[in-house]
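The shown structure was predicted, so the numbers you read here are calculated from the model rather than taken from an experiment. FYI, the numbering just counts along the sequence from 1.
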Amino acid sequence: MLKKMLIAGAAACFFSTGAFAANAPCPNISNAQLKTALKNAIVQTGPNGLGLGLNMWATVVAADGVVCAVANSSGDPIQGQWLASRVISAQKAFTAATLSLGPTANSGSGLPLATGKLALSSANLYSAVNPGGSLYGLQHSNPVAAAGAYGDKISPGGVYAGPIDTATYGTASDPMIGQVIGGINVFGGGLGLYAQGGVKVGGVGVSGDTSCEDHLVAWRLRRNLNLDYLATIGGVSGDAARPDNIVFDITPNPNGGTGVSAGGFGHPTCLAFTQAQSKNRAKALPAVR
C-alpha cells in the first residue's frame with residue numbers, strides 16, 4: 001500500500017501543471033492584442049520603413065524564454081506572410097529575452113547594480129557573431145527545439161508522425177505556446193520587453209520582411225504593447241534614448257567578405273537603402289520610456 005501511495009504521489013507531482021509551470025510569468029498579452037498591436041506597428045512604420053511592405057509574424061516570450069503568444073498580421077498562417085518567419089520570430093524573441101538583463105537585488109559579482117542592466121536586440125549581434133567578432137559562434141549555441149516549434153507528434157516508440165495541425169499556427173492554440181523554443185537569431189527583429197521600473201518581463205520577435213524592417217516594426221510593436229520602459233537600462237547602441245536600437249556603422253571591407261563595424265555591434269543595411277537613410281529611420285524611432 002505504501003509503495004502504491006508513493007508511486008501515485010510521484011505521478012501526481014509529475015503530471016500536475018505546477019511541475020511544468022514557468023518560473024517567469026507571461027506578459028498579459030492575448031493573441032488578439034498581439035495581432036492588433038502588430039498590424040498597427042506595420043502601419044506606423046509605413047513608407048518610412050526599410051523593407052518590402054509585407055505582412056509579418058510576432059512572438060512574445062516570458063523572461064525565461066517560454067512562448068506566451070504568437071500572431072500574424074494577415075490572418076492566413078500559410079500564405080499571408082512567410083511561413084518560415086513564424087519560428088524565426090520565436091527565435092528572435094528568445095534571443096532578446098535571454099540575452100538582455102534587468103535590475104536585480106545583487107548582480108552576483110559584488111560589483112555595482114548597474115553592471116546587471118543591459119538590453120540587447122537581436123540586431124546588435126550581427127557583427128559580434130561573425131568571424132573576428134567578440135561573440136563569434138554564438139548563433140550555434142542554443143538550437144531550436146524543432147519538434148516543439150512545429151507541434152510534431154512523436155509516438156511513444158519514437159516514431160515521427162508529423163505536425164499536429166498547421167491551421168493552429170498564429171492562434172491562441174499555436175503549438176509553440178507554453179514551450180521554450182530556443183534559437184539564437186543574429187539580425188534585426190528581436191527586442192527585450194521591459195515593464196515600468198525597467199523590469200525585464202520577456203522578449204518580442206518580429207519576422208516577415210527585411211531584417212531592418214523587422215527591427216523597426218518590432219520597436220513600434222513593443223511601444224504599442226506598453227513594454228518599452230528601459231530608459232534606465234544600458235545598451236550598446238550609443239543612444240541613451242534608444243539603448244538597444246539597430247546600429248548602422250559597418251564599413252565595407254576593401255578585401256571582400258564581412259565589413260567592419262566601428263563599435264562591434266553593427267548591422268548591415270537592407271535592400272538599396274543607404275547607410276545614411278537607414279540611420280535616419282532608426283533615429284526616428286520613438287525614444288524608450
Exercise. When the ring planes of Y126 and H267 are compared, do they come out parallel, tilted or perpendicular, using 30° and 60° as the limits?
Worked result: tilted
Problem set entry | Side chains of N40 and R220, donor plus acceptor under 3.5 Å |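 Checked: N40/R220 side chains show no N/O donor-acceptor pair below 3.5 Å.
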For this session: Could you tell me whether the side chains of S85 and S207 share a donor-acceptor contact shorter than 3.5 Å?
Result: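 Short answer, yes.
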Smallest separation among heavy atoms of [X] and [Y], with atom names:
X	Y	result
D249	G266	OD1-CA, 3.2 Å
S127	G264	CB-O, 3.8 Å
F248	P268	CE2-O, 3.4 Å
I246	A282	CG2-CB, 3.8 Å
S100	A96	OG-O, 2.8 Å
T59	A93	O-CB, 3.5 Å

For this session: With D244 as reference, evaluate S237, S121, S122 under the side chain to side chain contact (heavy atoms under 4.5 Å, CB included) test and give the passing residue.
Result: S121
Exercise. Among Q139, K92, H215, which residue meets the side chain to side chain contact (heavy atoms under 4.5 Å, CB included) test with F187?
Worked result: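 Testing F187 for a side chain to side chain contact (heavy atoms under 4.5 Å, CB included) against Q139, K92, H215 leaves exactly one candidate, K92.
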Exercise. K117 and L101: side chain to side chain contact (heavy atoms under 4.5 Å, CB included), yes or no, with the steps?
Worked result: CA-CA 5 Å; K117 299 179 181 179; L101 299 171; 5.8 Å; no
Are [X] and [Y] packed together at the side-chain level, in the sense that at least one heavy-atom pair is separated by less than 4.5 angstrom?
X	Y	value
T166	P77	no
L34	L221	yes
V247	V236	no

For this session: State plainly whether one hydrophobic cluster holds both V217 and V70, where clusters connect Ile, Leu, Val, Met, Phe, Trp and Tyr through side-chain heavy atoms under 4.5 angstrom apart.
Result: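 The answer is no; the residues belong to distinct hydrophobic clusters.
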Problem set entry | Same cluster (ILVMFWY, side-chain, under 4.5 Å), F265 and I250 |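 In one cluster with F265: I250, no.
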For this session: Please indicate whether K35 has more than 12 foreign heavy atoms, meaning atoms of other residues, nucleotides or ligands, lying under 6.0 Å from its NZ.
Result: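 More than 12 within 6.0 Å, yes.
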Any donor-acceptor pair under 3.5 Å from [X] side chain to [Y] backbone:
X	Y	answer
W57	G208	no
R86	A149	yes
E213	T210	no
S141	L138	yes
D214	D209	yes
N72	G170	no
N185	G190	no

Exercise. At what distance, to the nearest 0.5 angstrom, does CG of L38 lie from CD of Q81?
Worked result: 8.5 Å
Problem set entry | CD on Q91 to OG1 on T95, rounded to 0.5 Å |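 If I round to the nearest 0.5 Å, the distance is 6.5 Å.
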For this session: Please say which of R242, R223, R222, K200 ends up in a salt bridge (charged side-chain N to carboxylate O under 4.0 Å, His left out) with D228.
Result: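 In the set R242, R223, R222, K200, the residue that makes a salt bridge (charged side-chain N to carboxylate O under 4.0 Å, His left out) with D228 is R223.
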